[in-house]
2 protein chains.
Amino acid sequence: MSTRTEPGPRQRLLDAAQELTYRHGMGVGVDALLKGANVARRSLYEHFGGKDGLITEVLRRSAAEDEARYRQTMDAAGPDPRTRLLAVFDRIGEIVARDDYRGCRYLAADLALADPGHPGHAVTREYREHVTALFTAELTRLGHPRPAAAAAQLLLLVDGALAAGATRPATDPAAAARELAEQVIGQAPGAR
Amino acid sequence: MSTRTEPGPRQRLLDAAQELTYRHGMGVGVDALLKGANVARRSLYEHFGGKDGLITEVLRRSAAEDEARYRQTMDAAGPDPRTRLLAVFDRIGEIVARDDYRGCRYLAADLALADPGHPGHAVTREYREHVTALFTAELTRLGHPRPAAAAAQLLLLVDGALAAGATRPATDPAAAARELAEQVIGQAPGAR
DNA sequence: ACAGCGATAGACCGACTGTTCTATCTACGA
DNA sequence: TCGTAGATAGAACAGTCGGTCTATCGCTGT
């Protein structure tokens, strides 16, 4: 088994690609990825079969990370579903406020990957389903009359906040989304 | 002056680029644009100075068209500001339902045009300001207590609906956004 | 009739795309 | 100690990118 050693080429490649594809879009050149990871050209094709394979793997890893972040954000907010859901929007507020925020990686990927058959699309689709399921679970626990529909509305607010955060960050879109989220959640029986 | 004649190379180029950049993203090649417009290579550089110039001009024209469409959608909905604003979301519902819908052109442009100094960004920014102003005007007429903030929320809902429409059209995101828009608008004194 | 202008077709450019290849180096296990 | 696997550097591939250039065609106004 791997004794804790310095990250191998595969790991370095994923790290570099994760950052570079976000910062400069999916159009970054292979050369830039290799230089960023300090990795030989051959290693890329050995480990991922090509640029598309690398991108897909990056999306997969990012999705897993972000999904985990959603969970831990909600867990850190305590047991109340209402608080847990609103914490997501507070978190988004922090994210879009960072000056290195460049928009939602998954939306950008879907818009940039022209080929509808690109395996990356399946990853982003699944990611959104997982997040929706996360929301739905909280809303169900809350006794919301339409948990699925409300979860879709929350995801729409997330999308909107992330998009608005990329194009007009000064307007604090996460706060605006949070207000609306309160109303979505507030339809539950225990509403104040 | 120009007697009504067949559209010249400049017009053809704009038309073709408007469609191709939307369908295939900003990454479409110059050759594809030329072939799509049936125009000589030289004409592009004569009229627009290069691909970036063409793209910027396409964004400018699209923005003017879409802004006009917002106005006419609202005008067709009658004089009541509430009805006029909600009509926007009904219209968005039709747009995202079309099977050739490929997402919001302006968001895609901002995400794809990596260089923050690209003149296209100024166009999209101005476009969003105009639409926001349109919303603000209606909300003000309605006596909304926070017309600017509410307009920002409506634009966030528009962004969210357009983004969701691109990634999961089956969920009827425009309807979900419309519900929330009603609540935004409903904060005005004349609320039912 | 002819000059001039706008458009056309298409060769050509260097730079860069993703990919394949050879050759060399290094570390680990038998 | 030697062989092998994995990594390295880098040449080379065909293809495409955006952009420049030459040459020719066709229309218009004088």
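Convention: sequence-line order gives letters A, B, ...; per-chain numbering from 1. Both backbone and side-chain heavy atoms feed into the values below; hydrogens, waters and symmetry mates do not.
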Residues that Phe135(B) engages under ring-ring contact (aromatic ring centres under 6.0 Å, His included), provided they are two or more places apart: none

Taking side-chain hydrogen bond (donor to acceptor under 3.5 Å, both in side chains) as the cut-off, I'd like each qualifying pair that reaches into residues 7-16 of chain B, sequence neighbours left out, listed once. Asp15(B)-Arg61(B)

For the helix from dA1(C)-dT30(D) to dA30(C)-dT1(D), what angle separates the axis at the start from the axis at the finish, each from five pairs, in steps of 10°? 0°

Nearest-angstrom distance from the residue atom NZ of Lys35(A) to C1' of dG10(D): 12 Å

For the residue pair Thr167(B) and Asp110(A), confirm or rule out a side-chain donor-acceptor distance under 3.5 Å. no

Report the distance from atom CD of Gln11(B) to atom P of dG6(C), rounded to the nearest whole Å. 18 Å

Report each atom pair, protein N/O against N/O of nucleotides 24-28 of chain D, whose distance is under 3.5 angstrom.
none

Charged N to carboxylate O under 4.0 angstrom, Asp75(A) versus Arg84(A)? yes

Below 4.5 Å, heavy atoms only, C-beta onward: do Pro169(A) and Val96(A) meet side chain to side chain? no

Under a 3.5 Å distance rule, please check whether His144(B) uses its side chain to pair with a backbone N or O of Val184(B) as donor and acceptor. yes

Please determine whether a side-chain nitrogen of the Lys or Arg among Asp66(A) and Arg105(A) lies less than 4.0 Å from a carboxylate oxygen of the Asp or Glu. no

Can you pull the salt bridge (charged side-chain N to carboxylate O under 4.0 Å, His left out) pairs that have at least one residue in residues 144-163 of chain B, sequence neighbours excluded? Arg168(A)-Asp159(B), Glu179(A)-Arg146(B)

Does this structure show an ion pair linking Glu94(B) with Arg98(B), if we count only N-O contacts that are shorter than 4.0 Å? no

Side chain to side chain, Leu54(B) and Thr21(B), heavy atoms closer than 4.5 Å: no

Within-4.5 Å side-chain heavy-atom neighbours: His121(A) and Leu113(A): yes

Between Phe48(B) (CZ) and dG6(C) (P), how many Å, whole number? 15 Å

Produce a footprint string for nucleotides 7-18 of chain C: one letter per nucleotide, 5' end first; B if the base is under 4.0 Å from any protein heavy atom, S if only the sugar-phosphate is, - if neither. SBBBB-----SB

Rounded distance in Å - CG (Asp52(B)) to P (dC17(D)): 15 Å

Leu34(A) CG - dT20(C) C1' separation (whole Å): 13 Å

